[in-house]
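Comments concern the structure below.
Below, read A as the first sequence line, B as the second, and so on, with proteins coming before strands; counting in each chain starts at 1. Worth saying up front: this structure is predicted, and the values here are computed from it rather than measured.
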Amino acid sequence: MPELPEAEAARRRIADGVLNRTIQSFALGEISHVELPSEAERAGLTGTQFTRTHRHGKYIFVGSADGPWLHIHLGMAGSIRVTQAGEDTPKYARLSVVFDGGTRLHFRDPRKFGYVRMVPDVDAFIADKGLGPDALGIGGNAFAQAVGGTRGAVKSALLSQKKLAGVGNLWADEALYRVGIDPAVRACDLDAVRIGGLHSAVREILQTVVETGAVYAKLPRDWLIHNREAGVPCTRCAGEITKKTVGGRTSYYCPAHQVAA
DNA sequence: TTTACTGTTAGGAC
DNA sequence: TGTCCTAACAGTAA
C-alpha cells in the first residue's frame, strides 16, 4: 500500500540490506506490461555496487557513487523485499537483483502499476516530473502555499504530487480525519489555522507511520486506518464512518466531526 | 461472477 | 494559459 511511509520503509530495507555488495546478476519474473531496465542497462550494473539511496515522495532511488540511479516506483501495489541465500523468490517478483553471497533484492508488483528504470540524475528527475516538496520535510509556509490556494477539494490538493510529494489516499483521509476537515471542502475556503493544523497532522501521521516501518498493526487503534468501513463508529466523536467519492477517489470520513468550517 | 482498489496521467472541460 | 476532473491502465482478492 505504497505512499510515502511505505516507500521510506522500502528504501530503508534496501539501504540496510544490499548496499556495498557487488551485483552478480539479475532475474526476471513474469514481466509482460512491466517497465524494467533493459538488458544493456542491467549488464552495465553487473559487477558494480549500490552505495546510496534516496527518496522523494513515493519515488525511490538507488545509486552507485557516480553512475546512473536505479529508480523504483511501487505503483498501486508494489513492494520491496530482501532475501538471503536459500530463501524462496517472493510471489509477484518482477525483477530480482542478485548480490554477492546470494542476497537478493526483489521488486514485487502484483498489479503491475509500478516500474523500475534508470535515471541519470535525481534532482533533474524530480524537476522534470514537476514534483512538489517532500511531504515529510515541507515547512508551514510552503504547505499553505501549495495546498491552501487551490479551488478544488482539499483532499485532491493533498493527493497532487505536484503540490506535495508523498501523500496518497489512505494518509490523506487519516490527516483530514484527525483535524476534522471534510475532504470535499475547497482548500481555498480553509483559514490559516486549519491549514496549519492540517500541515501538522500530515507530518505527524507520516512520521508515525515511518517509525513503525509502515506496519499498520502497530498504529494506534483509534486511527481511521483501522476503521475504514462505512457504518462503523467514529473513534473521535459520536458519529459514524461514511464513504463517499471525492476527486474520483474513495474516501472514508466522519461527517459529524469532519466539517466545512 | 462481480466489484473495488492504496497511484499516475492523458485528455477534455471549464 | 492554467486548473480541475474523469477515465483508463492490469491484475488480484474479497
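Atom CZ in A:R186 sits roughly 17 Å away from atom P in B:dC14 (whole-Å rounding). In this structure, the CD atom of A:E6 is 12 Å from the P atom of B:dT6, given to the nearest Å. Computed from coordinates, the A:I31 CD1 to C:dG11 P distance equals 13 Å when rounded to whole Å. Atom P of nucleotide B:dT8 and atom CG of A:D109 are separated by 12 Å, given to the nearest angstrom. Between the CG atom of A:D128 and the C1' atom of B:dT9 there is a distance of 14 Å, rounded to whole Å. Atom CZ in A:R108 sits roughly 17 Å away from atom C1' in B:dG7 (whole-Å rounding). Atom CD in A:E229 sits about 13 Å away from atom C1' in C:dA14, given to the nearest Å. Between the C1' atom of C:dT12 and the CZ atom of A:F113 lies a distance of 11 Å, rounded to the nearest Å.
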Might you work through the ring-ring contact (aromatic ring centres under 6.0 Å, His included) test for A:Y115 and A:H71, ending with a clear yes or no? CA-CA 8 Å; A:Y115 61 80; A:H71 163 45; 5.2 Å; yes
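Under 4.0 angstrom from either OP1 or OP2 of B:dG7 there lies no side-chain N or O belonging to A:Q161. Neither OP1 nor OP2 of B:dT8 sits under 4.0 Å from any side-chain N or O of A:K162. A sub-4.0 Å separation between OP1 or OP2 of B:dG7 and a side-chain N or O of A:K129 is absent. A close approach under 4.0 Å does occur between a side-chain nitrogen or oxygen of A:K243 and OP1 or OP2 of B:dC5.
Every stem involving DNA chain C, taken as at least 3 paired positions in a row under the Watson-Crick or G-U wobble test at 3.5 Å, is listed here: B:2-5 with C:11-14, B:7-14 with C:2-9.
A distance below 6.0 Å separates the ring centres of A:H257 and A:Y177. Two rings, from A:Y252 and A:W223, have their centers 6.0 Å or more apart.
In this structure, of B:dT8, B:dC5, C:dG11, it is B:dC5 that holds the atom nearest to the side chain of A:Y252. Here the side chain of A:H33 is nearest to one of C:dC4, C:dG11, B:dT6, namely C:dG11. Candidate nucleotides C:dC4, B:dT6, C:dC5 were compared by shortest atom distance to the side chain of A:N169, and B:dT6 ranks first. Each of B:dT8, B:dC5, C:dT12 was ranked by its minimum atom distance to the side chain of A:K58; first place goes to B:dT8. Closest to the A:Y92 side chain, of the nucleotides C:dG11, C:dC5, C:dT12, is C:dT12. Closest approach to the A:Y59 side chain among B:dT8, B:dG7, C:dT12 is made by B:dT8 (side chain taken as heavy atoms from C-beta onward).
Comment: A:R178 does not engage A:E174 in a salt bridge, judged by the lack of any side-chain N to carboxylate O separation of less than 4.0 angstrom. The residues A:R236 and A:D222 are annotated as not salt-bridged, no charged nitrogen and carboxylate oxygen being separated by less than 4.0 angstrom. Salt bridge absent: A:R13 and A:E8 never bring a charged side-chain N and a carboxylate O closer than 4.0 Å. For A:D134 and A:R55, the salt-bridge test passes: some basic side-chain N is under 4.0 Å from an acidic carboxylate O.
The residue A:R151 sits close only to the backbone: its heavy atoms come under 4.0 Å of sugar-phosphate atoms, none of a base. Residue-level contact check: A:K91 touches neither bases nor backbone, having no heavy atom under 4.0 Å from any strand. Contact annotation for A:Y115: no contact, since no heavy-atom pair falls under 4.0 Å across all strands.
With sequence neighbours left out, the side-chain contact (heavy atoms from CB on, under 4.5 Å) criterion links A:V98 to A:S25, A:R104.
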